[in-house]
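The structure appears right after this line, and notes come after that.
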2 protein chains.
Amino acid sequence: MVEAYAAPCGADPVRITGALVMMRRASLLIRRLDSYFAAHGLSQLRFLVLIVIDREPERRSLTPNDIAQRIDISKPVLSRTLQGLEQDCLITLAASRTDGRSKEVFLTAEGRQRLNDLLPGYFGILSEETAGPAPD
Amino acid sequence: MVEAYAAPCGADPVRITGALVMMRRASLLIRRLDSYFAAHGLSQLRFLVLIVIDREPERRSLTPNDIAQRIDISKPVLSRTLQGLEQDCLITLAASRTDGRSKEVFLTAEGRQRLNDLLPGYFGILSEETAGPAPD
DNA sequence: CCATTTAAGTTATCACGATAACTAAATAGC
DNA sequence: GCTATTTAGTTATCGTGATAACTTAAATGG
């Protein structure tokens with residue numbers, strides 16, 4: 001089907017198909033991850049926030065701005081997500097002592113626990129994905 | 001960074017990284033496509049709806065149910081999308097003559113035009129993606 | 001040192017995905 | 001042939017992404 005469309009546009013059907021297949025695989029993988037996280041009271045985004053704080057080598061906290069840059073997400077979305085995580089007691093927010101505009105985000109013990117609980121399943125899903133045959 | 005997390009979980013870091021890279025590439029590609037379509041008054045979803053009707057070999061119309069199955073999307077999302085496309089005069093909706101519950105969705109001349117206008121750029125973006133080096 | 005500009009976060013609003021609950025029509029089964 | 005169930009589509013609600021506009025604090029610069 002791609003050929004009939006791509007050829008008149010001067011595009012390479014092989015490349016097009018490759019890109020489409022990749023998007024399809026990624027989309028299916030994302031669905032699986034979403035449903036995995038949803039079953040455990042998180043989401044991909046919330047999970048990423050936790051992991052990014054946890055893996056920080058030198059510090060035990062990050063600013064919202066740091067987090068947004070590391071996971072490449074807009075600040076408003078992060079702001080909303082942090083509010084949810086705080087309500088669920090997975091993080092704590094404190095005012096920055098060096099910058100009156102900023103905050104510091106810490107993992108709670110429960111947050112770290114939840115993260116560690118979900119990591120094996122997360123990696124399992126990622127491994128299966130790359131293991132399986134490429135779907136059409 | 002993956003190693004430190006994956007090893008204790010008994011996961012293969014290479015596979016994990018492969019899956020993460022694929023998701024990253026797909027995510028960037030989707031962003032480019034979104035911004036391309038947004039600049040032309042469409043969206044990926046709206047574009048897919050148009051293409052699926054246009055490429056139908058035997059018929060000039062499809063039912064919403066057909067469309068939802070072909071592009072693997074939920075019916076409510078499609079319903080909302082079709083309303084928008086109809087408002088923008090890119091499709092027309094008619095009651096089905098064989099099934100009182102169903103509808104037929106037709107492309108308008110403007111819809112077909114818009115589709116053909118956007119196809120080259122769409123394929124161009126997909127080609128570039130597969131052409132470029134794999135980003136980290 | 002005060003005014004302007006830049007930066008961090010939040011709120012408001014919108015697009016797009018999902019599921020649940022609903023209406024109405026078609027089909028099954030007795 | 002009338003009830004049951006199934007199916008098509010819509011509405012309502014929610015989660016998650018974006019941008020624009022706003023508030024407040026920091027940095028710049030005359």
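Below, chains carry the letters A, B, ... as their sequence lines are ordered, and counting in each starts from 1. What you see below is based on every heavy atom in this structure, not just the backbone, and it leaves out hydrogens, waters and symmetry mates.
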| said: Mind checking if A:Thr63 touches a base, just sugar-phosphate, or nothing, with heavy atoms under 4.0 Å? | reply: sugar-phosphate
| request: Could you say whether B:Glu104 or A:Asp72 is positioned toward the 5' end of DNA chain D, judged by the nucleotide with the nearest heavy atom to each? | output: B:Glu104
| request: Indicate, with a heavy-atom threshold strictly under 4.0 Å, whether A:Gln83 touches base, sugar-phosphate, or nothing. | output: sugar-phosphate
| query | Any sub-3.5 Å donor-acceptor pair from A:Ser27's side-chain atoms to A:Met23's backbone N or O? | reply | no
| said: To the nearest 10°, give me the bend of the helix from C:dC1-D:dG30 to C:dA26-D:dT5, comparing the axes of its five terminal pairs at either end. | reply: 10°
| task | Walk me through it: do B:Arg114 and B:Asp88 pass the test salt bridge (Lys or Arg N to Asp or Glu O under 4.0 Å)? | result | CA-CA 11 Å; B:Arg114 186 79 67 90; B:Asp88 291 357; over 6 Å; no
| task | Compare every heavy atom of B:Leu45 with every heavy atom of B:Thr81, then report the nearest pair and how far apart it is. | result | OG1-CD2, 3.1 Å
| query | How far apart are the closest heavy atoms of B:Asp54 and B:Leu107, and which atoms are they? | reply | CB-CD1, 3.6 Å
| request: Would you kindly check whether a donor in the side chain of B:Arg80 faces an acceptor in the base of D:dG9, or vice versa, at under 3.5 angstrom? | output: no
Can you tabulate the close N/O pairs, meaning under 3.5 Å, that link protein atoms to atoms of nucleotides 25-27 of chain D?
| residue | atom | partner | partner atom | Å |
| --- | --- | --- | --- | --- |
| D:dA26 | OP1 | A:Gly100 | N | 2.7 |

| task | Rounded off to whole Å, could you give me the CD1-to-P distance for the B:Ile30 and D:dA18 pair? | result | 12 Å
| message | With a 4.0 Å cut-off on N to O distance, would you call B:Arg70 and B:Glu56 a salt bridge? | response | yes
| task | Please work out if B:Ser43 contacts a base, only the sugar-phosphate, or nothing of the nucleic acid, heavy-atom cut-off 4.0 Å. | result | sugar-phosphate
| Which part of the nucleic acid, if any, lies within reach of B:Pro76 when heavy atoms closer than 4.0 Å are counted: base, sugar-phosphate only, or nothing? | base
| Is it true that B:Asp72 and A:Arg31 make a salt bridge, defined as a side-chain N closer than 4.0 Å to a carboxylate O? | yes
| request: Search all heavy atoms of B:Leu78 against all heavy atoms of B:Pro64 and return the closest pair with its distance. | output: CD2-O, 2.9 Å
| task | Check whether A:Leu62 and A:Phe106 end up in the same hydrophobic cluster, where Ile, Leu, Val, Met, Phe, Trp and Tyr are linked by side-chain heavy atoms less than 4.5 Å apart. | result | no
| task | Please state how far atom CG in A:Leu82 lies from atom P in D:dG17, giving the value in whole angstrom units. | result | 12 Å
| B:Asp99 side chain to B:Ser96 side chain, donor-acceptor N/O pair below 3.5 angstrom | no
| field | Residue met sooner reading DNA chain D from 5', once A:Lys75 and B:Leu78 are mapped to nucleotides | value | B:Leu78
| task | For B:Ile73, report the nucleic acid contact type (base, sugar-phosphate, nothing); a contact means any heavy atom under 4.0 Å. | result | sugar-phosphate
| task | To the nearest Å, give me how far apart CG (A:Leu33) and C1' (D:dG15) are. | result | 16 Å
| query | Is a salt bridge present between A:Glu104 and A:Arg59, judged by a nitrogen-to-oxygen distance below 4.0 Å? | reply | no
| field | d(CD1, B:Ile67; C1', D:dG9) in whole Å | value | 12 Å
| field | Syn/anti state for C:dA25 [syn: chi within 90° of 0] | value | anti
| Could you state the CZ-C1' distance from A:Arg46 to D:dT16, rounded to the nearest angstrom? | 12 Å
| Can you pull the contact range of chain B along DNA chain C, 5' to 3', using atoms under 4.0 angstrom from its heavy atoms? | C:dC16 to C:dA26
| A:Leu50 and A:Leu115: which non-hydrogen atoms are nearest, and at how many Å? | O-CD2, 3.8 Å
| query | Can you check the A:Leu45 CG to D:dC14 P distance for me, whole Å? | reply | 20 Å
| For A:Lys75, does its backbone N or O pair with a side-chain atom of A:Ser79 as donor and acceptor, under 3.5 Å? | no
| message | So A:Ser96, base contact, sugar-phosphate only, or nothing? Heavy-atom distance under 4.0 Å. | response | nothing
| field | d(CG, B:Asp34; P, D:dT16) in whole Å | value | 18 Å
| request: Give one of base, sugar-phosphate or nothing for A:Ser102, where a contact means two heavy atoms less than 4.0 Å apart. | output: sugar-phosphate
| request: Could you tell me whether a side-chain N or O of B:Tyr36 sits under 3.5 Å from a main-chain N or O of B:Gln44, the two making a donor and an acceptor? | output: no
| remark: Closest to the 5' end of DNA chain C, once A:Gln69 and A:Arg31 are matched to their nearest nucleotides, is A:Gln69
